[in-house]
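Chain letters run A, B, ... following the sequence lines, proteins first and then strands; every chain starts at 1. None of these values were measured; they are calculated from a predicted model.
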Protein chains: 2
Amino acid sequence: MNDKPSKSKEICSGDKPCKIEATLKFLGNKWTFLIIHALMGDRKRFKELQYLLKGISPKTLTERLRNLEEKGIVHREIFPVIPPKVEYSLTPKGEELKTMLDALNAWGKKHLD
Amino acid sequence: MNDKPSKSKEICSGDKPCKIEATLKFLGNKWTFLIIHALMGDRKRFKELQYLLKGISPKTLTERLRNLEEKGIVHREIFPVIPPKVEYSLTPKGEELKTMLDALNAWGKKHLD
DNA sequence: CCGCATCCTAAAGGATACTG
DNA sequence: CAGTATCCTTTAGGATGCGG
């Protein structure tokens, strides 16, 4: 009789389960969003990313990039030339995070400094 | 002569500086977004939050809430009764993060599991 | 140029017991 | 109930040097 007793364990009310926690867990650390952001629009080389993300260490950058690659958000293309050349770009799945980054940016523009 | 030489240090092209980095720094850790999310819609008591954010330790919860309060995102109201009662709610500034959380949720629903 | 290996630090967060 | 206090574990991330 519709007595589903307010399972307040669920934060999101709605038909589908809330994915916020899962999503944050999926890509939620300091650099991840920034890397995705840096790749919005055009592909970039390792060195460029290192430059754009001022101060990120190569170790961390590699780590994050590999992680994002595994998850199908970033595509890595290797050019077998000397000196080595590798380009990173977003997959469609990655591009779709733009909405969210825009929202974040909009909020920041309105409320920060 | 319009020779502003592609200051590719800036990731965001646009009139205003990009606020993504600043915003993430402002509220970027694991629990912050989840707490804000939990407060969307209605005010909640400490215990409720602890329950909704399964497994968060009281220390961490207090820490995060105080931090969000300082930043004007969360409002804390104390009822001088026994036993103690404290309610947390979002300020308008906090509510405006809904757009971003929705985008995050939408992405998750589409791409996760 | 790309990026791995190694070592190291800082900071977030967890567990638990206790107080007003 | 709403925290505070204490201690401890984990992990993100930095620095740097070497290798393909």
_Tell me whether the count of non-hydrogen atoms from other residues, nucleotides or ligands lying under 6.0 Å of NZ in Lys71(A) goes above 12._
yes
Phosphate OP1/OP2 of [N] contacted by [X] side-chain N/O (<4.0 Å):
X	N	result
Trp31(B)	dG14(C)	yes
Arg64(A)	dG14(D)	no
Lys47(B)	dC1(D)	yes
Arg45(A)	dC1(C)	no
Arg76(A)	dG3(C)	yes
Tyr88(A)	dG3(C)	yes

Are side-chain heavy atoms of [X] and [Y] found at a separation under 4.5 Å?
X	Y	answer
Leu65(B)	Leu49(B)	yes
Tyr88(B)	Glu48(B)	no
Ile36(A)	Leu90(A)	yes

In whole Å, what is the span from the [atom1] atom of [X] to the [atom2] atom of [N]?
X	N	atom1	atom2	value
Ile56(B)	dG3(D)	CD1	C1'	13 Å
Phe46(A)	dG20(D)	CZ	P	18 Å
Gln50(B)	dC1(D)	CD	P	10 Å
Ile82(A)	dG20(D)	CD1	P	13 Å
Lys54(A)	dA15(D)	NZ	P	16 Å
Glu77(A)	dC2(C)	CD	C1'	15 Å
Leu27(B)	dA12(C)	CG	P	14 Å
Leu24(A)	dA12(C)	CG	P	17 Å

_Connected hydrophobic set around Phe79(B), excluding itself, where side chains approach under 4.5 Å_ =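 When side chains under 4.5 Å apart are linked, the cluster holding Phe79(B) also contains Val81(B).
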When you measure from the side chain of [X] to the backbone of [Y], do you find a donor-acceptor pair of N or O atoms at a distance under 3.5 Å?
X	Y	answer
Lys19(A)	Leu112(B)	no
Thr91(A)	Gly72(A)	yes
Trp107(B)	Lys93(A)	yes

Close N/O contacts between protein and nucleotides 15-20 of chain C (under 3.5 Å):
none

*Degree of bending in the helix from dC1(C)-dG20(D) to dG20(C)-dC1(D) once both end axes are built from five pairs, to 10°*: 50°
*asked:* How long is the straight-line distance from CD of Glu21(B) back to CZ of Phe26(B), given to the nearest 0.5 Å?
replied: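 It comes to 14.5 Å.
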*Is Phe79(B) touching bases, backbone alone, or none of the nucleic acid, heavy atoms closer than 4.0 Å?*
nothing
*Between Ile78(A) and Thr60(B), which has a closest nucleotide on DNA chain C that is more 5'?*
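Looking at DNA chain C, the more 5' nearest nucleotide goes with Ile78(A).
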*Spell out, yes or no, whether Ile78(B) and Leu61(B) are grouped together once hydrophobic residues are joined by side-chain heavy atoms under 4.5 Å, including indirect joins.*
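Ile78(B) clusters together with Leu61(B).
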